[in-house]
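Each chain gets a letter, A, B and so on, in the order the sequences are listed, and its residues count up from 1.
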Amino acid sequence: MGDYQKLFEPKKNKGNKINITKNLQENLKKVKEILSDCDDMVYREFNVGVNQNLKFATVYTEGLADKIIVNEYVLKNLMMLSRMTEPEVRNVREKVYDLIKDGVLSVTDLEEVDDLNKVVDSILTGETVLFIDKWDKAIIIASKGWPMRGISEPESDVVIRGSREGFTETLRVSTVLIRRRIRDPKLKVKQMKIGKRSKTDIAVLFIDGLVNQDILKTVVYRLRKIEIDGIMESGYVEQLIEDNWRSPFPHIQSTERPEKVAAGLYEGKVAIVIDNTPFVLIVPTTFNTLLQASEDYNERFIVASALRILRYIAVMISILLPALYIAMLSYHPGMIPTELALYIAGNRDGVPFPAAIEAFIMEGILELLREAGIRLPGPIGSTIGIVGGLVLGQAAVEAGIVSSLMVIVVAITAIATYSIPDYSFGISFRLLRFTFMAAAAFLGLYGVMIVFLITLTHLSNLKSFGIPYLAPLNYNMSIKDLKDTFIRAPLHRMKRRPEFIAKNDKNRMADSFSRDYLKKGEDNSG
Amino acid sequence: MDRNNDMIVSNQLFSILVITVIGIGVLSLPRILATEAGPDSLILLLLSSIIFLIIALVTQRLIMKFPKQNIIEITNSVLFKPIGILVGLVYFIYIFILITLEVRAFGEITKNFLLLNTPIEVIIIIFLITTIYLVRSGIESIARMAVIILPLSIIPAIFISLVAIPDLDFTCFLPILRTPFADLIRALPKLFFSFIGFELILIWTFFVKDTENIKKTVISAVGFISLVYFIFTGITIARFGIAENKDLIWPVITLFRDVDIPGTLVENVEVVIMATWLLSIFMTIAISYFGAVFLLSRILKSKEHNYIPVILLPIIYVLSLVPDNIAEVYDYLDKFSIYVGTVFVIAIPVMLLFISFFTKKTKGGIRKNG
């Protein structure tokens with residue numbers, strides 16, 4: 001079986017253990033001490049048995065535990081049912097736990113613990129704890145149930161054709177959404193807690209036998225090294241485990257779409273699901289994956305390939321267009337065809353700034369608009385768009401502060417940036433654009449090429465969990481390696497998983513599968 | 001740079017070799033060919049390609065005898081200990097001088113075509129600093145860069161030169177084979193300038209993971225380089241004729257300046273080509289730079305050699321400004337390639353292979369017949 005099991009062996013418990021005593025009152029006192037001033041705790045003591053001589057107590061957090069479970073299946077059963085029938089066992093006191101576990105509590109998930117620290121942890125995660133007098137253990141009853149958001153369509157990764165389900169803030173719902181797409185016992189869900197105070201649940205998902213063991217090892221190692229008080233969002237984890245914190249490029253993918261995660265797992269990647277956030281992390285991530293939309297796989301390959309190429313062009317436009325505008329106008333006017341040059345000269349007539357300043361002003365305003373629009377609620381956001389984009393642009397051109405060509409350049413750049421599927425990836429290009437513009441302002445096309453080379457060098461240096469960020473583009477380009485990059489080959493031609501990730505089980509499809517049977521007329525379509 | 005995971009695959013070696021060789025050689029190649037062989041230019045090119053392939057295979061044979069070793073270790077294995085250091089030092093100086101000349105040539109061309117009013121010092125300094133970033137990143141990053149930049153710099157150039165096809169006049173290659181054969185042979189060393197950079201394979205093979213594929217890589221790299229040279233010289237000479245090609249410093253650049261693609265957004269295509277050419281010359285220099293740094297660090301036996309490229313930078317900068325003008329740079333380059341390049345590209349590998357047949361010891365290396 002998998003070697004992965006060693007990785008997840010729990011750390012040696014360093015925390016001091018507090019034993020549960022046989023005295024119910026003492027136990028409760030201790031719990032109340034630990035949870036002092038936590039007014040959201042509910043303590044309930046009650047008597048059980050025909051003679052009402054067994055003392056019980058339950059503790060849970062109000063709102064985190066499902067009250068119906070506690071009332072109907074724990075309290076009701078213990079208090080009513082156990083009174084109706086006399087247990088056959090003589091020595092009730094000694095056998096009380098077995099009796100309750102096997103006969104009374106109609107809840108599926110029970111656990112027996114002897115450490116008060118664990119008890120407190122469970123209470124805080126939403127479980128209900130049952131103490132029994134004269135017995136030095138406690139029963140933890142799974143009763144998690146808090147108000148949660150339903151599954152809804154993801155806001156950030158929108159597709160036209162594809163599943164409408166998105167992850168929610170609850171870890172279990174998220175893993176279920178992935179499990180529903182991979183009904184394979186080999187899909188492993190290993191959970192751990194990170195955060196000294198937040199004790200956030202984190203699940204590492206992978207398909208055993210398919211996953212790249214080196215990557216899995218690195219992921220688990222880095223996750224376990226994290227020592228922080230609280231994890232608010234997957235962004236925390238991302239920044240703490242990523243390879244290069246100085247890089248502007250995201251090298252861990254975060255997504256709200258379950259099928260993206262499932263597809264990643266099928267490629268041999270590792271997914272990290274974090275409680276309290278709908279964003280799931282996928283590692284390793286390459287430059288190429290961030291330009292893939294999940295819809296690419298749902299459309300026919302010609303359409304998908306065309307869209308892929310379009311996206312690569314969009315990336316080039318979004319980082320280069322304003323820089324090229326500056327470089328060509330200020331340093332290489334000879335490059336512009338004569339008629340166009342005359343038009344631009346006429347258009348820029350009266351504009352008081354050089355092209356570089358003009359570009360910086362307009363791009364700066366655009367970034368401002370975007371930032372303003374994002375934080376505002378929907379209808380006002382679009383107002384900002386109209387006021388900023390239409391009114392301001394028009395007024396600026398009419399006032400002669402910027403040329404209308406500049407407005408066009410800025411608009412094209414903005415559109416190109418928005419066509420990059422991954423949001424954080426898009427931001428890094430927006431940032432990069434200003435570097436390119438500055439270089440173009442100082443050194444023209446030479447500067448642009450120099451920054452391009454620096455960026456490319458940085459990208460070549462970058463690795464995501466041991467996988468080169470530029471993979472598979474960094475090996476010699478043969479058609480075989482490019483099946484899922486600039487183009488998307490037909491599904492039946494992509495019989496192998498990406499070679500740079502999946503090392504173990506390389507075949508996605510049976511080799512024997514071909515679409516020839518359609519030609520031979522072996523099917524029944526006549 | 002010396003970590004265990006510094007490994008490249010033979011596919012990446014192909015890109016490294018091709019981009020190092022093509023970078024600076026292609027621009028002036030048609031001039032050399034037209035001057036030396038006139039109408040028989042392509043024949044001379046074919047001849048030199050074949051001879052170079054043989055030399056490359058000799059070098060490869062030497063490498064296969066001592067897999068996973070660099071030139072210093074190979075020499076030490078073939079001869080005896082201090083000789084390796086000496087050969088390494090000589091190679092280092094050779095590469096170093098080559099870099100300074102290339103940097104200067106690059107600066108001149110960039111100034112001429114992209115930044116007329118910027119001082120060449122600024123161009124060179126900025127360029128060298130960018131190069132250092134890549135050099136310090138190590139062989140893996142260099143290999144990845146080479147693979148990506150190779151198509152980026154060659155494909156646009158080929159596409160644009162295809163536009164010139166309607167204007168071509170292939171009769172300038174006639175009459176065929178009228179040049180005395182002795183003249184062709186005599187011209188061969190001059191052509192090795194266009195293949196300079198290939199000898200660095202003696203350093204790269206140290207990093208190659210799949211040694212068994214090196215032979216295939218060498219053959220396909222030489223083949224690819226020759227093919228690219230054929231396309232560009234063929235088109236350039238057929239476009240301008242023999243006489244004009246003799247007078248142009250960079251005939252290939254003139255070709256792009258001359259090309260007029262109807263109905264495009266860009267009028268002067270040569271600027272675009274210069275920009276993409278900048279990519280490949282950057283790689284050529286960065287790769288040679290890394291080779292020099294690697295050799296020096298081996299000679300000095302220093303483990304940590306991230307500081308070496310920084311120390312070398314001012315020396316390269318000063319030396320690159322020594323020639324007075326671009327004509328002098330090309331004069332130096334020509335002489336350098338004929339008299340010095342030939343020694344390093346041909347003489348040393350052949351000699352080493354020859355001697356290795358007699359001295360049977362292969363220290364540390366596994367005997368393998370390529």
From B:Thr217 OG1 over to B:Asn11 CG, what is the distance, rounded to the nearest 0.5 angstrom?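 Separation between the atoms: 7.0 Å.
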Determine the option with the most heavy-atom pairs under 4.5 angstrom with chain B, choosing from A:Thr338, A:Leu453, A:Val451.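 Most pairs with chain B among the choices: A:Leu453.
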Heavy-atom contact with chain A under 4.5 Å, split by part of [X]:
X        : answer
B:Phe282 : side chain
B:Ile149 : side chain
B:Ile132 : neither

Counting only non-hydrogen atoms closer than 4.5 Å, does A:Leu459 touch chain B with its backbone (N, CA, C, O), its side chain (CB onward), both, or neither?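 For A:Leu459, there is no contact with chain B at all, as no heavy atom is under 4.5 Å.
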What pairs with A:Thr286 under side chain to side chain contact (heavy atoms under 4.5 Å, CB included), at least two apart in sequence or on another chain?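 Partners of A:Thr286 by the side chain to side chain contact (heavy atoms under 4.5 Å, CB included) criterion, ordered by chain and then number, come out as A:Asn288, A:Thr289, A:Ile467, A:Ala471, A:Phe500.
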With sequence neighbours excluded, residues passing side chain to side chain contact (heavy atoms under 4.5 Å, CB included) with A:Asp214: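 A:Asp214: side chain to side chain contact (heavy atoms under 4.5 Å, CB included) contacts with A:Asn212.
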Students often mix this up, so state it plainly: with edges at 30° and 60°, are the rings of A:Phe249 and A:Phe429 parallel, tilted or perpendicular?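 Rings of A:Phe249 and A:Phe429: perpendicular, over 60°.
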Which pair of heavy atoms, one from B:Leu313 and one from B:Tyr289, lies closest together, and at what distance?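 In terms of heavy atoms, the two residues are closest at N-OH, 3.5 Å.
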